[in-house]
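Structure first, commentary second.
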Amino acid sequence: MEEDFLNLISRTRNIGISAHIDSGKTTLTERLLYYSKKIHKIEEVKGGGAGATMDFMDLEREKGITITSAATTIFWKNVRINIIDTPGHVDFTVEVERSLRVLDGAILVLCGVGGVQSQSLTVDRQMKRYHVPRLVFINKLDRIGADPFKVVEQIKEKLKLNPVMIQLPIGLEDSHKGVVDLITMKGYVNEGDNGEILNEIPIPENLIQQAKEKRYEMLDTLSQYDDEMMELMLEEKEPGEEIIQRAIKKGTQTLKMVAVLVGSAFKNKGVQKLMDAVAAYLPSPLEAIRTKAMDVRDPSKVTLLEPDKDKPLVCMAFKLTEESFGQLTYTRIYQGTLRKGESVILSRTNKQVRIGRLVRMHANDRSNIDYAWAGDIIAMIGVDCASGDTFCGEGVSVSCESMHVAQPVISMSVNAKDNESSLKMMKALQRFMREDPTFRVSSNEETSETIISGMGELHLEIYVERIRREYKVDVQVGKPQVNYRETITSKAEMDHLHKKQSGGAGQFAGVVGEIYPLPETSEENFEFDNQVKGGNIPSEYI
């Protein structure tokens, strides 16, 4: 049993697919499902047909965008990959945030034409916040104006990452046929109606020189992460494939580099090689950075959770959706074993909760399971909890680190035409608030209006549309109001002379200091650093 567990967990990858809007995340996920034989027909995000598998909401299919993150599990060459496809719009940023919070690795998809765009920066910042190792997939190389080398430069300049190309494209735009693997120095082209046949070919003549140069660049960078490889390079010997792959894995998992792969998901190019890279370079739960949990009774005590099925259970609910038969709670198990029918303790309330049903998700479909081990991502049905709650087994009372939740930036008023509709609307709003920490509901005392606040106009529009469709309530909405905020962007010095005379003893002081923005990774909103020496100034003035 122990052997089975270690074997299975070392062959598990929990990954997310994140990117800017319209970079091709959902299209890529559709191909991953097809090549791993999870689905038998490829559907597209836009255009006729049934719509992409992972965009299962009607609204997602109509608008051609992803609104909620969806989870699925695929098997690729003996490796189990739990995938979460996340939205690209900044309005649904909490979906990306909570997915990255529980994942061990990610694929950052960049458009071969657009390159690093505004939301790519946000997603990258979220990956850095949770120390998530990632691969970069430069997509859409079949489009006019595609230039992967320009995108690699942007990864360096805008994302401040260390990109290493481990593939070159064979042809761009209309003539994009496949990829050159710089590790094996062979070409790979996709054939068949849906690119399911991957043929190995010699590197085309016109690419041999470029491939040699790029391979040398790749080996030069990788030698920093592996001593044996460094020695071979100094002796001018060729390192073997295993050594190169080991160096890529080490560089990726220590976040010192990102491996860059290329292709076109829509044209079925380069996807199988990307799945190989996920299996080879992204960490299993055993290799991933350990998750911290703090003791509920003494928050200063922090423990690192071990991916071990025999230790006491610790798992975290990271996403909720309400369904007709109760709440569906997406859960990441960090330690121990979760079994259906058992009771666990909800650490926030210290109350026992019984686990009725456990399921493994595939977009909106599910299959029942009896238990799940540490390192897995599954869903519980009918458990009453909030997003971000931690469940513990006997003898443990810890809480996993909470997620970063952005403050709302836009508000609008909503009202229903009669009492019955108003009750239904409030029921919907309460449900959306539980599911989405960035969605807030308040009331304006002066006008007695119900105010909803969120991350953007699209965010609120989608929720209003869902109230109309799912709860059959005709909602009237007011004009959106933006909450403007200002902040400092660069360092500034101050040197101010304060004089005040209003009868009696006057005030006179020289104030010298500097103000600068905190790093993006900072937990605090504001830090005050008092450099006054000697204590001559009364504390009330400081």
Side-chain angles (χ1 to χ4, degrees), residues 1-2 5 8-9 12 14 69 71 73 82 84 94 97-99 101-103 285 290-361 366-403 405 427 430-437:
M1 192 75 171
E2 186 64 32
F5 168 71
L8 179 73
I9 203 102
T12 298
N14 294 314
S69 48
T73 302
N82 293 323
I84 296 186
V94 73
E97 191 82 42
R98 56 178 156 203
S99 302
R101 166 72 185 75
V102 298
L103 293 170
R290 296 280 176 269
T291 297
K292 290 178 188 159
M294 61 185 188
D295 195 302
V296 175
R297 292 177 294 270
D298 178 6
S300 63
K301 271 175 71 179
V302 174
T303 48
L304 290 177
L305 302 175
E306 296 287 331
D308 181 341
K309 73 173 176 53
D310 297 324
K311 291 209 163 186
L313 172 77
V314 179
C315 61
M316 177 177 151
F318 66 94
K319 175 177 157 65
L320 318 176
T321 44
E322 286 283 340
E323 298 199 330
S324 51
F325 44 76
Q327 181 174 293
L328 185 70
T329 308
Y330 287 80
T331 309
R332 162 77 199 248
I333 306 169
Y334 288 109
Q335 182 175 288
T337 304
L338 183 66
R339 289 187 175 82
K340 83 169 187 194
E342 281 192 353
S343 289
V344 293
I345 293 161
L346 176 56
S347 64
R348 178 171 51 87
T349 59
N350 205 23
K351 291 198 173 122
Q352 285 216 340
V353 180
R354 192 173 171 279
I355 308 296
R357 267 178 79 197
L358 292 179
V359 292
R360 190 172 290 292
M361 298 301 295
R366 61 209 58 166
S367 51
N368 286 312
I369 53 173
D370 292 332
Y371 64 91
W373 284 329
D376 212 346
I377 291 178
I378 47 96
M380 308 186 285
I381 292 180
V383 172
D384 191 29
C385 66
S387 190
D389 274 348
T390 305
F391 296 92
C392 301
E394 280 296 311
V396 185
S397 184
V398 295
S399 169
C400 295
E401 307 161 282
S402 59
M403 292 174 290
V405 177
K427 189 180 168 191
Q430 291 298 329
R431 169 194 156 184
F432 296 148
M433 262 171 70
R434 284 182 54 167
E435 289 180 11
D436 181 351

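For the atom pair W373 CH2 and I9 CD1, the distance stands at 8.5 Å (nearest 0.5 Å). Atoms NZ and OG1, on K309 and T337 in that order, are 6.0 Å from each other to the nearest 0.5 Å. Here the CG-CD distance, from L346 to Q352, works out to 11.0 Å after rounding to the nearest 0.5 Å. To the nearest 0.5 Å, the span separating CG on L338 from CD1 on I355 amounts to 5.0 Å.
In this structure D370 satisfies the salt bridge (charged side-chain N to carboxylate O under 4.0 Å, His left out) test together with K340, sequence neighbours excluded. Every residue two or more places apart in sequence or in another chain that forms a side-chain contact (heavy atoms from CB on, under 4.5 Å) with V296 is listed here: S347, S397, S399. By the side chain to side chain donor-acceptor pair (under 3.5 Å) test, T331 pairs with no residue at all, sequence neighbours left out. Residues passing the side chain to side chain donor-acceptor pair (under 3.5 Å) test with N350, sequence neighbours excluded: none. R354 is linked by a salt bridge (charged side-chain N to carboxylate O under 4.0 Å, His left out) to nothing, counting only residues two or more places apart in sequence or in another chain. In this view, K311 satisfies the salt bridge (charged side-chain N to carboxylate O under 4.0 Å, His left out) rule with no residue, not counting sequence neighbours. Under the rule for a side-chain contact (heavy atoms from CB on, under 4.5 Å), the partners of A372 that lie at least two apart in sequence or sit in another chain are I333, I369, D376, I378.
Within the 4.5 Å cutoff, side-chain heavy atoms of V383 are placed close to those of F391. Annotation: side chain of T291 is not in contact with side chain of R332 (no heavy-atom distance under 4.5 Å). The closest side-chain heavy-atom distance from V102 to N14 is not below 4.5 Å. Side-chain contact between R357 and N368 is present, with at least one heavy-atom pair separated by less than 4.5 Å. You'll find the side chain of L304 reaches within 4.5 Å of the side chain of K292, heavy atoms only.
For the residue pair I377 and N82, the shortest heavy atom distance occurs at N-ND2, 3.7 Å.
No donor-acceptor pair closer than 3.5 Å links the side chain of T390 to the backbone N or O of M316. Side chain of Q335 to backbone of A374: no donor-acceptor contact under 3.5 angstrom is found.
Y334 pairs with exactly one of C400, P307, C315 by the side-chain contact (heavy atoms from CB on, under 4.5 Å) rule, that one being C400.
Sorted by first and then second residue, the salt bridge (Lys or Arg N to Asp or Glu O under 4.0 Å) pairs involving residues 388-400 (not counting sequence neighbours) are R348-D389.
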